[in-house]
There are 2 protein chains.
Amino acid sequence: MNSVQLSLSQNNKHCSIKTRYAVTGWQGEHSMARRSDHSRDEIREMALSAAEKIVREHGYKGFSARKVASAIGYTVGTLYLVFDNLDDLILQVNGRTLDRLHARMLREQAACGQAAARLLRLGHSYIRFANEEPHCWGMIFEHRFAQNQATPEWFQVKVARMFALVEAGLAPLAGNHSPQEIAQAARALWSGVHGICILAVTDKLDVVGVDSVQDLTHYLMDNFLRGFTGS
Amino acid sequence: MNSVQLSLSQNNKHCSIKTRYAVTGWQGEHSMARRSDHSRDEIREMALSAAEKIVREHGYKGFSARKVASAIGYTVGTLYLVFDNLDDLILQVNGRTLDRLHARMLREQAACGQAAARLLRLGHSYIRFANEEPHCWGMIFEHRFAQNQATPEWFQVKVARMFALVEAGLAPLAGNHSPQEIAQAARALWSGVHGICILAVTDKLDVVGVDSVQDLTHYLMDNFLRGFTGS
DNA sequence: TTGAATAATGAACAGTGTTCAGTTATCTTT
DNA sequence: AAAGATAACTGAACACTGTTCATTATTCAA
């Protein structure tokens, strides 16, 4: 045995100990993946980053189960051993996008000392992210579940984490506002930033270029904050 | 001949004079629509309202060319004589949704005397519309064109018309702000309202019920307006 | 009545998500 | 080492999707 790896599947499947062999070079008649080349979690990881790449390059529409499968050297059937369905796969990709977004906002605001400036920077980070990864970012909102299927808890947590970041930035400026009001203000403000972003991306704002969007965001936040702090 | 109708197709096709016969009761072997039962524009209209109904009831996903076709008693092929493709059809439906939305906002703000109250009412009209026709409203933003295809001018006009309504509501409160600033404020404010709306619909705001969304919208507009007018 | 024109069809094509019987390859036990 | 059990993986099948276009059916003009 070359190496042993403990694979812990996340989908209520049984845990299983699997042996993973080094690639031998032999690739079969059609270079198809051989049994136990990869653990379930490895396949999961490969599929997710392959899907991510496809979405990044060709958007939500240019994305399909067969494309993801062939990109990682497996067939469709295997995908369905690792994911419940395509909605599940997409939700995972969206989760990772939220992770990247959150990490970026966290990183870029850290350098900022002033509370107000820090909050504005959060907005700008968001816009820049949406501009650099429009397809991945957009899929979070384009994708809709089959008829009123509730969003899973773990995903809701990732969203809440973003609002928490805004709340934290808002708190120093809040004066004597109650925590509840701060929470509401964070939601309102951030929805506003998001609204600008999505209308700009879907070509409904009649603005051109990233800078105009940044200006608009700045304008919204600036006025809101004056209203919020000035009374 | 029973009646003659001038049919003016809108898609750079030739204009054609067509005769339309009253329904005879004979429906063929499979009750399929007979030649010249309807003019091109009538088919267009039938298809649009059938599509609208499907979207309203089953959402963007439960919508297909064949379903629309069979709902109006024709086959797929006929749809492609009247529309360029499905994207075209969807865009037309979206245009009509924007028309209804605009009409409603125009109607409901008229009753309001106070400028500030009128503006708030605009926001509430928007939220209520999105809540009553979530699928139709959502499709305006869910739908994305094939790879960077520009939004047609006539559609942009319908969007601009909505922003103009906000601008008009904002103008009496603008003090010595320039028209350019008013335009920017209208975009910022309205994007904000829209952002709240879309995050609420896609279940990412952790708020429940229409009232909470209304409150949040009110909160955003209120603070923004205080910031906008107070300096 | 014949011929041209056009309205409408429906089969065909290449793609989609999803399932699952069947075929391996690997592990365990004898 | 051979056989049996187990799990990995395939790939064909199903019912869909958007789109095209040769055929057919109907109507109008000559």
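If you're wondering where the values come from, they're calculated on a predicted model, not measured in any experiment. In what follows, chains carry the letters A, B, and so on, assigned in the order in which the sequence lines appear, proteins first and then strands, with residues in each chain numbered from 1.
For A:Arg66 against C:dG15, a side-chain-to-base donor-acceptor contact under 3.5 Å is absent. One cannot find a donor-acceptor pair under 3.5 Å joining the base of C:dT6 and the side-chain atoms of B:Arg40.
With the nearest nucleotide of DNA chain C identified for both A:Leu86 and B:Gly77, B:Gly77 has the one nearer the 5' end.
Of the listed residues (B:His124, B:Met221, B:His218), just one forms a side-chain contact (heavy atoms from CB on, under 4.5 Å) with B:Val193, and that residue is B:Met221. Of the options B:Lys53, B:Arg96, B:Arg100, B:Arg128, a salt bridge (charged side-chain N to carboxylate O under 4.0 Å, His left out) to B:Glu133 is made by B:Arg100 and by none of the others.
Across all strands shown, A:Ser64 has heavy atoms under 4.0 Å from sugar-phosphate atoms exclusively, and none from any base. Among the heavy atoms of the strands, none lies under 4.0 Å from B:Lys61. Contact annotation for B:Ile43: backbone-only contact, meaning every heavy-atom pair under 4.0 Å involves sugar-phosphate atoms and none involves a base.
Here C:dT19 presents its P atom at 8 Å from CG of A:Asn85, a figure rounded to the nearest Å. Look at CG on A:Leu79: it is 13 Å from C1' on D:dT10, rounded to the nearest Å. Summarising the geometry, the separation between CD on B:Glu42 and C1' on C:dA8 is reported as 16 Å, rounded to the nearest angstrom. The interatomic distance linking A:His143 (NE2) with C:dG17 (P) rounds to 11 Å, in whole Å. Distance NE2 (A:His38) to P (D:dT10): 10 Å, rounded to an integer number of Å. Between B:Tyr74 atom OH and D:dT19 atom C1' the separation is 20 Å, expressed in whole Å. A straight line from CZ of A:Phe83 to P of D:dC9 spans 14 Å, rounded to a whole angstrom. Atom-to-atom, CG of A:Asp88 to P of C:dT18 comes out at 10 Å; the value is rounded to the nearest Å.
Residues A:Asp215 and B:Gln184 meet the side-chain proximity criterion, which asks for heavy atoms closer than 4.5 Å. Inter-residue side-chain proximity for B:Tyr126 and B:Arg104 is flagged as unmet; no heavy-atom pair is nearer than 4.5 Å.
Counting only heavy atoms from C-beta on, A:Lys67 has its side chain closest to C:dT16 among C:dG10, C:dT16, D:dC9.
For D:dT19, one of the phosphate oxygens OP1 or OP2 lies less than 4.0 angstrom from a side-chain nitrogen or oxygen of B:Tyr80. Of the side-chain N and O atoms in B:Thr78, one or more sit less than 4.0 angstrom from OP1 or OP2 of C:dT9.
Taking the six-membered ring for Trp, B:His135 and B:His58 have ring centres at least 6.0 Å apart.
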